[in-house]
Amino acid sequence: MKEGPILMNGAMVRAVLDGSKTQTRRVVKLQRLAGNHFSGGAAGVEFDGFRIPREGGPSPARFSAEAAGGGAYISEEIHCPHGQPGDRLWVRETWYCDHFEVQKGPYMEVPEARDLLVYRADGEHPYEAEQPIWRPSIHMPHWASRILLEIVSVRVERLNDCSDADARAEGTPGGHGVIPSYNYNATPSEHYSHMWEAINGAGSWAANPWVWVIEFERVAP
C-alpha cells in the first residue's frame, strides 16, 4: 500500500467531510507520464485513444500515438500517478497554524501545534483581531492533513462522459442557485461542469480531456 498527497479546494473538502464526495477526476497528463516519448518538439503527437482497464485488477491505460507527419508509431501503457486500488491519499487543503515554529517553516511537525491548526474550508476561525495568513494547499505538510482517503477504483474516460450519478459522487448535486445567474434547476452534470471550469478555466470543459476517475472512501487518519 502506498500513500501520497492530493490537492483539493474548499468546496471539495467540504463535500468529502459531509460524505457527498466519493470521486475525483484528474486530467491525464500524457507528456509527463510517458517520459521522453512526449517531451515536446515541433512534430507533436496525435492520440487515437485509450483502453479502459479491466475490472478488478491493476488500472493501467494504454494509448497509441503517431508523430504528426513523421509516421513513427508509439504504443505505451501508463498508470494513474495518484495510486491504485488499496492505496491511500492524504488531502492537502488551504490551512494556517498560529504557532511560531510552524510559521517560520518549513512546517516541521510541532506536537503542540496540532490544536492550533485552522482550515479555510471550515469558513470560520478563532482569531478576532486579524485574518490568518493562509498557507496554500500545496504547502500543507503531511502531519497537518485531517483527511485520509483509500482508493477503491481507478478508470479512464473522457471528461464529458461524467453522468449525473457521477456528478453527485463528485459532490455536485445540482439544484437552483448552484450556478450564479442561472435561473433554472441545474442538473448535477451542469453543476459539475461549472465547478470544473471555475477551477480549470474557461473552455476546459469543452476541451473534453481524458481524465483519471478515482473513486475513494474516507478512512480514519
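Side chain to side chain, Arg26 and Thr24 meet the donor-acceptor criterion of an N or O pair below 3.5 Å.
Val219 is not listed as a side-chain neighbour of Leu149, based on a closest heavy-atom distance of 4.5 Å or more. Using a 4.5 Å cut-off on side-chain heavy atoms (C-beta onward), Glu170 and Trp196 make no contact. Under the 4.5 Å side-chain criterion, counting only non-hydrogen atoms from C-beta, Tyr119 is in contact with Arg146.
Under the rule for a side-chain contact (heavy atoms from CB on, under 4.5 Å), the partners of Glu109 that lie at least two apart in sequence or sit in another chain are Arg114, Trp143. Scored by the side chain to side chain donor-acceptor pair (under 3.5 Å) test, Glu197 finds no partners at all (sequence neighbours excluded). Residues passing the side chain to side chain donor-acceptor pair (under 3.5 Å) test with Ser189 are Asp164, sequence neighbours excluded. Taking Thr172 as the reference, nothing meets the side chain to side chain donor-acceptor pair (under 3.5 Å) condition, with sequence neighbours excluded. With sequence neighbours left out, Arg92 forms a side-chain contact (heavy atoms from CB on, under 4.5 Å) with Pro5, Leu7, Trp90, Ser137, Ile138, Met140. Taking Arg168 as the reference, nothing meets the side chain to side chain donor-acceptor pair (under 3.5 Å) condition, with sequence neighbours excluded.
In this structure, Arg25 pairs ionically with Asp166, as a charged nitrogen and a carboxylate oxygen lie closer than 4.0 Å. Salt bridge absent: Asp161 and Arg155 never bring a charged side-chain N and a carboxylate O closer than 4.0 Å. A salt bridge does not link Arg120 to Glu93: none of the charged nitrogens lies less than 4.0 Å from a carboxylate oxygen.
For the pair Arg135 and Tyr107, the cation-pi test (distance below 6.0 Å, angle within 45°) is failed.
Under the 3.5 Å distance criterion, the side-chain polar atoms of Asn208 are matched with a main-chain donor or acceptor of Leu159.
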